[in-house]
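So the structure is just underneath, and the comments pick up after that.
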Amino acid sequence: MTTMTETSARFREFKMPDVGEGLTEAEILKWFVQPGDTVTDGQVVCEVETAKAAVELPIPFDGVVHELRFPEGTTVDVGQVIIAIDVAPGSGDAPAPAPAAAAPAQEPVEAAGSGDGDAPKGRTPVLVGYGVAESSTKRRPRKGASAAPEAAAVAAAVQAELNGHAAPAAAAPAPSVPAQAGAQDGGRPLAKPPVRKLAKDLGIDLATVVPTGKDGIITREDVHAAAAPAVAPGAAPVPPAPAPVTAEAPAAAVPTSARETRIPVKGVRKAIAQAMVGSAFTAPHVTEFVTVDVTRTMKLVAELKEDKDMAGVRVNPLLIIAKALLVAIKRNPEVNAAWDEANQEIVQKHYVNLGIAAATPRGLIVPNIKDAHDKTLPQLAAALGELVTTARDGKTSPAAMAGGTVTITNVGVFGVDTGTPILNPGESAILAVGAIKLQPWVHKGKVKPRQVTTLALSFDHRLVDGELGSKVLADVAAILEQPKRLITWA
């Protein structure tokens, strides 16, 4: 996964790696170093977010940070250089840092290049680790350097009017200024892919945006500036040309709207949406429900909390529910399978990677406990605790979320009685656990207050028949009602 280029014996560049299962891009969430900082091999230099998780990236060599190619919040394609390191500081003058906007301004097919400049003719940079492909694709020619000062003059005029000041005479554009200073020769405005997406999300036509970036490139700030006056209450729209602006609203950040906020769909949220839609419209879901008296399970939880063999691990009802599901799968192994559409096969799994749905600030993720079927109760408790802590800290790795077979989602922590959970793609079943509440219940012929919960099991009806799904759910319920079955059925 280490991806770097060696520009000379002194300077090395580190590229955005593929941090998980063929992902093509990642957003830089935070830099932990700045130019001039000393770094060592293995030191974490930044945190990035992919469509699956937030991941910390370590640098693979020693040296001094020479340049950060992208600011925080930028979405970078796999294979683009993100940081340059001086591995022999003090040995001579350092070359000027490369423009940060140079790499993203390439054609989309070149977006995974190193960012060092144009690729050799006939060779197209591709994702790191996959070599290069022959192609006749070339970067489109840009506007001349003279376009940048003129675009800056236009922006200065607009800014001056917005601030209530007359624009300086030097800022007035010459008659030869093109109508679209940020456009390429073919008429397409110059902007990075993330900026184009932002403009699309905000409903902004890039052809109407005044560019202020180097070489006439449209920046995120330009798009926000174009969007803000259009929605500011009582403000007149700002035209793309340097015409007088009468708006009294300041050019400071303005909410998208007084009545709504638009949030770009990306990273984990985008992956969740795609996975859930794919699952819902691919696998025929069936959901069954059962309400069960878990009073004895709650007593067992209280006793285990005092057991010295469980010292140092977290004991809660979810632990017993997880163990109950594992026992039910052992008794009904056919439920632990996957549907192979390409080969038209049912793939029976002889192991259980137990997924636990976890709500995090970045959205819902489902890491799984590898080979959960082989773990003792203390080992399962330790694994659950580690999984939850890592997820809450935002440190769950893509590998921890891959390869799940069956999942548990605990909606009861939100006070919800039950739900109809959607399968994770590639899995056969998911168990939803509702809130455990004190309710009147008929026990030994009398109505008594008992601890009661509702379980819901969704399964893929292509490979799990109603009888099999019912047996699994009934087994889980029976164990929770009489926890001693964990011993007699194990």
Side-chain angles (χ1 to χ4, degrees), residues 287-333 335-336 352 354-357 369 372-385 387-388 406-419 421 429-459 468-490:
T287 304
E288 295 185 342
F289 307 89
V290 64
T291 302
V292 58
D293 177 2
V294 295
T295 304
R296 291 186 178 90
T297 288
M298 298 305 291
K299 290 181 179 178
L300 175 61
V301 170
E303 292 172 359
L304 289 175
K305 287 181 178 180
E306 303 299 325
D307 194 314
K308 63 179 181 179
D309 291 332
M310 301 297 288
V313 297
R314 184 178 180 182
V315 179
N316 54 25
L318 180 61
L319 171 63
I320 307 302
I321 294 168
K323 191 66 175 178
L325 179 58
L326 292 172
V327 172
I329 292 173
K330 182 179 179 180
R331 287 167 54 86
N332 305 275
V335 75
N336 189 41
V352 180
L354 182 62
I356 304 295
I369 300 172
H373 64 289
D374 280 340
K375 297 187 181 298
T376 63
L377 195 64
Q379 291 172 340
L380 187 62
L384 276 171
L387 179 149
V388 172
V406 177
T407 291
I408 295 176
T409 177
N410 185 8
V411 298
V413 296
F414 305 108
V416 176
D417 291 334
T418 189
I430 179 171
L431 177 70
V433 182
I436 298 175
K437 299 179 180 179
L438 194 64
Q439 297 182 19
W441 192 264
V442 177
H443 178 66
K444 295 182 179 179
K446 296 182 180 180
V447 177
K448 296 181 179 181
R450 304 287 287 181
Q451 298 283 353
V452 177
T453 191
T454 299
L455 306 176
L457 182 72
S458 291
F459 50 86
L468 176 59
S470 299
K471 285 182 177 179
V472 172
L473 184 59
D475 280 356
V476 174
I479 293 172
L480 296 182
E481 186 176 11
Q482 295 283 353
K484 66 181 182 182
R485 292 190 172 105
L486 287 173
I487 300 174
T488 59
W489 287 0

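Atom set for the values below is all heavy atoms of this structure, side chains included, hydrogens, waters and symmetry mates excluded.
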Which pairs, with at least one residue in [range] and sequence neighbours excluded, count as a salt bridge (Lys or Arg N to Asp or Glu O under 4.0 Å)?
range            : result
residues 435-448 : D417-K437
residues 291-314 : D293-R450
residues 476-490 : none

Next on the checklist: Closer than 3.5 angstrom, by distance alone: can the side chain of T409 be matched with the main-chain N or O of A432 as a donor-acceptor pair?
Outcome noted: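 No, T409 side chain to A432 backbone: no donor-acceptor pair under 3.5 Å.
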Next on the checklist: Given 3.5 Å as the limit, does a donor-acceptor pair link the side chain of S458 with the main chain of I430, or not?
Outcome noted: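 It does not hold such a pair.
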Spacing of [X] atom [atom1] and [Y] atom [atom2] [to the nearest 0.5 Å]:
X    : Y    : atom1 : atom2 : answer
I487 : I479 : CD1   : CD1   : 11.5 Å
L468 : F459 : CG    : CZ    : 8.0 Å
I356 : I408 : CD1   : CD1   : 4.5 Å
M298 : L438 : CE    : CG    : 10.5 Å

Next on the checklist: The criterion is side-chain hydrogen bond (donor to acceptor under 3.5 Å, both in side chains); which residues satisfy it with T376, sequence neighbours excluded?
Outcome noted: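 T376: side-chain hydrogen bond (donor to acceptor under 3.5 Å, both in side chains) contacts with Q379.
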Checklist entry - Which residues pass the side-chain hydrogen bond (donor to acceptor under 3.5 Å, both in side chains) test with T453, sequence neighbours left out? => result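 T453 satisfies side-chain hydrogen bond (donor to acceptor under 3.5 Å, both in side chains) with no other residue.
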Checklist entry - Under a 4.5 Å cut-off applied to non-hydrogen side-chain atoms, are V447 and W441 in contact? => result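 A side-chain contact is absent here, since even the closest heavy-atom pair is not under 4.5 Å.
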Item to check | Side-chain heavy atoms of V290 within contact of T454, under 4.5 Å | outcome: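 Of all side-chain heavy-atom pairs linking T454 with V290, none is under 4.5 Å.
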Report, one line per pair, each donor and acceptor closer than 3.5 Å where one atom sits in a side chain of residues 318-330; sequence neighbours left out.
unit_1, atom_1, unit_2, atom_2, d
K323, NZ, K375, O, 3.0

